[in-house]
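Given the structure is predicted, the values throughout are model-derived calculations rather than measurements. What you see below is based on every heavy atom in this structure, not just the backbone, and it leaves out hydrogens, waters and symmetry mates.
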Amino acid sequence: MASPRTITIVALSVALGLFFVFMGTIKLTPRLSKDAYNEMKRAYKSYVRALPMLKKMGVSSILLRKSIGALEVACGIVMTLVPGRPKDVANFLLLLLVLAVLFFHQLVGDPLKRYAHALVFGILLTCRLLIARQPEELPPEKRMLSVNGDEQPLIHEAAPEKGKMKVS
């Protein structure tokens, strides 16, 4: 049976992956929602206006929106379908992306309700990454320490409980 930790990681990975595939697709095409697509176009135009440095580097609002959308779709697919270390890399990239989007929202002075979803999903990405990076807890029979070729139980498990005597 899968551990609660594994179930949590899989559930978060699939949910976050599907969310970012959906949001990235909205940034790339009006097929899912024409209104949401037009809102994204408007928002990214305001982001580029607020950061003249992007204009100087030749980054248009279209390029910025499509780049972020494509990265969201790619990382979302990895989070949903690909096992192992690539999930953690995609998680980290999405977390950086969410931080950049939060920066953009703050820069243009958007109200909290416009970027609350980004805050929530940033927190979920952080939680998933922290849970995934914690070491797996070993069952008691595998908690042995090898000293000079001899396997011994870990010290805290070999010591008797406080107030109890060990009788042989």
Side-chain angles (χ1 to χ4, degrees), residues 1-139 142:
M1 184 172 142
S3 70
R5 176 183 175 273
T6 303
I7 293 169
T8 303
I9 292 171
V10 169
L12 279 172
S13 297
V14 170
L16 289 166
L18 291 176
F19 171 78
F20 281 102
V21 166
F22 176 73
M23 291 306 292
T25 303
I26 286 176
K27 288 177 179 80
L28 296 173
T29 179
R31 288 186 182 173
L32 293 179
S33 172
K34 191 160 182 77
D35 293 337
Y37 176 77
N38 289 332
E39 180 58 30
M40 290 291 178
K41 284 173 54 174
R42 186 207 57 76
Y44 278 86
K45 283 179 185 172
S46 69
Y47 300 156
V48 171
R49 273 196 307 269
L51 272 175
M53 159 182 77
L54 289 175
K55 258 305 197 229
K56 288 179 185 173
M57 293 181 352
V59 177
S60 67
S61 64
I62 296 169
L63 179 63
L64 182 64
R65 178 176 44 84
K66 291 196 180 227
S67 299
I68 288 177
L71 188 61
E72 285 179 348
V73 169
C75 289
I77 290 170
V78 170
M79 291 275 295
T80 305
L81 301 175
V82 179
R85 176 79 78 198
K87 262 188 213 275
D88 294 342
V89 173
N91 191 147
F92 184 72
L93 289 174
L94 286 171
L95 189 55
L96 291 177
L97 202 57
V98 166
L99 291 173
V101 168
L102 288 171
F103 171 73
F104 288 144
H105 282 291
Q106 285 295 305
L107 191 65
V108 297
D110 282 341
L112 178 62
K113 69 179 183 178
R114 297 248 327 154
Y115 61 90
H117 71 282
L119 280 173
V120 170
F121 282 94
I123 291 168
L124 288 173
L125 284 167
T126 303
C127 290
R128 190 225 162 265
L129 194 60
L130 290 174
I131 293 168
R133 300 308 309 148
Q134 286 191 348
E136 188 86 35
E137 191 168 310
L138 296 174
K142 300 234 179 189

List the atom of [X], the atom of [Y], and the distance in Å for their closest heavy-atom pair.
| X | Y | result |
| --- | --- | --- |
| Ala36 | Ile26 | CB-CG2, 3.7 Å |
| Ala43 | Ser46 | O-OG, 2.6 Å |
| Met79 | Leu94 | CG-CD1, 4.0 Å |
| Ala90 | Val78 | CB-CG1, 3.7 Å |
| Thr25 | Val73 | N-CG2, 3.6 Å |
| Leu129 | Asn91 | N-OD1, 3.5 Å |

Enter the distance from [X]:[atom1] to [Y]:[atom2] here, rounded to the nearest 0.5 Å.
| X | Y | atom1 | atom2 | answer |
| --- | --- | --- | --- | --- |
| Ser67 | Leu28 | OG | CG | 9.5 Å |
| Ile68 | Phe104 | CD1 | CZ | 5.5 Å |
| Arg42 | Tyr47 | CZ | OH | 7.5 Å |
| Thr29 | Met40 | OG1 | CE | 13.0 Å |

Looking at side-chain heavy atoms only, is the closest gap between Val89 and Phe92 below 4.5 Å?
no
Residues two or more places apart in sequence or in another chain: which of them pass side chain to side chain donor-acceptor pair (under 3.5 Å) with [X]?
| X | result |
| --- | --- |
| Arg133 | Asp88 |
| Asp110 | His105 |
| Arg49 | none |

Could you work out, with side chain to side chain contact (heavy atoms under 4.5 Å, CB included) as the rule, every residue matching [X], not counting sequence neighbours?
| X | answer |
| --- | --- |
| Tyr37 | Pro30, Lys41, Arg65 |
| Leu119 | Leu102, Leu112, Tyr115 |
| Leu107 | Ala50, Leu51, Phe103 |
| Leu71 | Cys75, Leu97 |

Of all pairs that satisfy salt bridge (Lys or Arg N to Asp or Glu O under 4.0 Å), the ones with a partner from residues 11-30, not counting sequence neighbours
Lys27-Glu72
Result block: side-chain N/O donor-acceptor pairs under 3.5 angstrom for residues 1-22, not counting sequence neighbours:
unit_1	atom_1	unit_2	atom_2	d
Ser3	OG	Thr6	N	3.2
Ser3	OG	Thr6	OG1	3.0
Arg5	NE	Ile131	O	3.4
Arg5	NH1	Glu136	OE1	2.8
Arg5	NH2	Ile131	O	3.3
Arg5	NH2	Ala132	O	3.1
Arg5	NH2	Gln134	O	2.7
Thr8	OG1	Pro4	O	2.7
Ser13	OG	Ile9	O	2.7
Ser13	OG	Arg128	NE	2.8
Ser13	OG	Arg128	NH2	3.4

side-chain hydrogen bond (donor to acceptor under 3.5 Å, both in side chains) contacts touching residues 74-83 (sequence neighbours left out):
none
Is the side chain of Asn38 donor-acceptor paired with the backbone N or O of Lys34 at a distance under 3.5 Å, no angle test?
yes
Quick one: list whatever passes salt bridge (Lys or Arg N to Asp or Glu O under 4.0 Å) with Arg31, sequence neighbours left out.
none
